[in-house]
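Along the sequence shown, residues are numbered consecutively beginning with 1.
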Amino acid sequence: MSSINRRTAILQMSALASAVLLTDSLGAAESSATQTAAAAPAPTGPFTLPPLPYAYDALEPSFDAETMHLHHDKHHQTYVNNLNIAVAAHPELAGKTVEELVANLSTWFEPARTAVRNQGGGHANHSFWWTTLGKGGTAPTGELAKAIDSRFGSFSSFQDKLTAAALGVFGSGWAWLVKLPDGTVDLASTPNQDSPLTLGHKPVLAVDVWEHAYYLKYQNRRAEYVKAYFHVVNWDYVSGQFAQKTNA
Ligand code: MN
């Protein structure tokens, strides 16, 4: 390697190290800080990846096991890891649940705020989402069924409208059914990893429409993926949670 090529390579590595740190929400670091951060072991807490409440292949054929492995073990884990790095870098974030962090987003100064928004949102959104999936029932029941009928006219109409919301997300994001402070339900969508909790809304259902959620099996066919989603909603669990949740 010539000295010029070596210098170029070193500069590229330096740029890469800075980019990784930015991703980890530590901000633009001086080279000395870069070396310190690189040498320090990655924090393993306070947040940890919750295990899936079912087997990786439990949602086949709608959601394939390989996607579930990547989505949970890699993508969700990365949000957890980066959130832990952010908490280590910003002591004001310590001692809070991830839901408290994202619900109080405006409390945090930058760059902690962006870290909570993206990494905290990613952890909170996925942690919630896994619990709503499964194979319990085929339609909402009880209070949730009443709330959906009241707002959308019928379960079928609700499915059409949630599908439209999911297909309407430009780029990466989520479609939601949320519970409003008055106890009624409505649709919402959020870009990237923004959480309804930040807007004061309680998530009831979620559809992850990031490509990482479906590209392996469905490629660009988001509509097929959303149709399949309705086969893997744990309606019994979601209906039970809706009935229990307070409006606080
Ligand atoms: Mn996801």
Side-chain angles (χ1 to χ4, degrees), residues 20 23-25 42-88 96-102 115-137 162 166 169 171-178 189-198 202-222 224-238 240-241:
V20 168
T23 301
D24 293 343
S25 305
T44 56
F47 297 102
T48 56
L49 181 68
L52 286 180
Y54 34 73
Y56 288 93
D57 62 358
L59 308 180
E60 292 269 13
S62 300
F63 290 6
D64 61 290
E66 187 179 8
T67 295
M68 292 297 288
H69 269 289
L70 285 168
H71 199 170
H72 176 268
D73 303 354
K74 304 298 183 187
H75 290 278
H76 189 172
Q77 180 72 64
T78 299
Y79 293 117
V80 171
N81 294 347
N82 288 339
L83 179 60
N84 284 332
I85 290 169
V87 172
K96 310 272 191 305
T97 66
V98 68
E99 290 81 11
E100 288 170 340
L101 288 175
V102 297
V116 169
R117 183 176 187 175
N118 294 337
Q119 316 302 341
H123 179 37
N125 292 344
H126 287 92
S127 296
F128 170 78
W129 195 47
W130 304 130
T131 68
T132 66
L133 304 179
K135 292 191 174 175
L162 181 59
V169 174
S172 298
W174 295 74
W176 306 88
L177 180 71
V178 295
S189 64
T190 56
N192 304 310
Q193 293 297 352
D194 287 6
S195 166
L197 295 170
T198 304
K202 304 285 185 190
V204 178
L205 286 171
V207 191
D208 185 345
V209 291
W210 282 61
E211 284 187 344
H212 68 225
Y214 62 88
Y215 208 83
L216 271 183
K217 182 177 175 73
Y218 296 99
Q219 289 83 49
N220 61 325
R221 304 186 303 278
R222 189 190 282 188
E224 278 184 41
Y225 157 74
V226 175
K227 188 174 182 183
Y229 159 78
F230 284 103
H231 295 292
V232 293
V233 176
N234 188 339
W235 290 112
D236 295 341
Y237 174 81
V238 170
Q241 288 295 109

- Query: Residues two or more places apart in sequence or in another chain: which of them pass side chain to side chain contact (heavy atoms under 4.5 Å, CB included) with Thr78?
  - Reply: Asn82
- Query: Does atom CD of Glu66 have more than 12 heavy-atom neighbours, drawn from other residues, nucleotides or ligands, at distances under 6.0 Å?
  - Reply: no
- Message: Please check: side-chain N/O of Thr67 versus main-chain N/O of Ala213, any donor-acceptor pairing under 3.5 Å?
- Response: no
- Item | Residue pairs involving residues 116-128 (criterion salt bridge (Lys or Arg N to Asp or Glu O under 4.0 Å); sequence neighbours excluded) | Arg117-Asp194
- Message: Let me confirm one number: the OH-NE2 distance from Tyr79 to His126, rounded to the nearest 0.5 Å.
- Response: 5.5 Å
- Query: With side chains defined as the heavy atoms from C-beta onward, is the minimum distance between Asn125 and Trp176 less than 4.5 Å?
  - Reply: yes
- So, Tyr225 versus Phe63, ring centres under 6.0 angstrom or not? yes
- Looking at side-chain heavy atoms only, is the closest gap between Thr44 and Asn84 below 4.5 Å? no
- Message: For Lys217, is the NZ atom crowded, meaning more than 12 foreign heavy atoms sit under 6.0 Å from it?
- Response: yes
- By side-chain hydrogen bond (donor to acceptor under 3.5 Å, both in side chains), which residues pair with Asp57, not counting sequence neighbours? none
- Query: Donor-acceptor pair, His69 side chain versus Ala65 backbone, under 3.5 Å?
  - Reply: no
- Scan His212, His71, His123 and name whichever one has a side chain to side chain donor-acceptor pair (under 3.5 Å) with His76. His123
- Message: Can you give me the closest heavy-atom contact between Tyr54 and Leu133, atom names plus distance?
- Response: CE2-O, 3.2 Å
- Item | Thr132 side chain to Trp129 backbone, donor-acceptor under 3.5 Å | yes
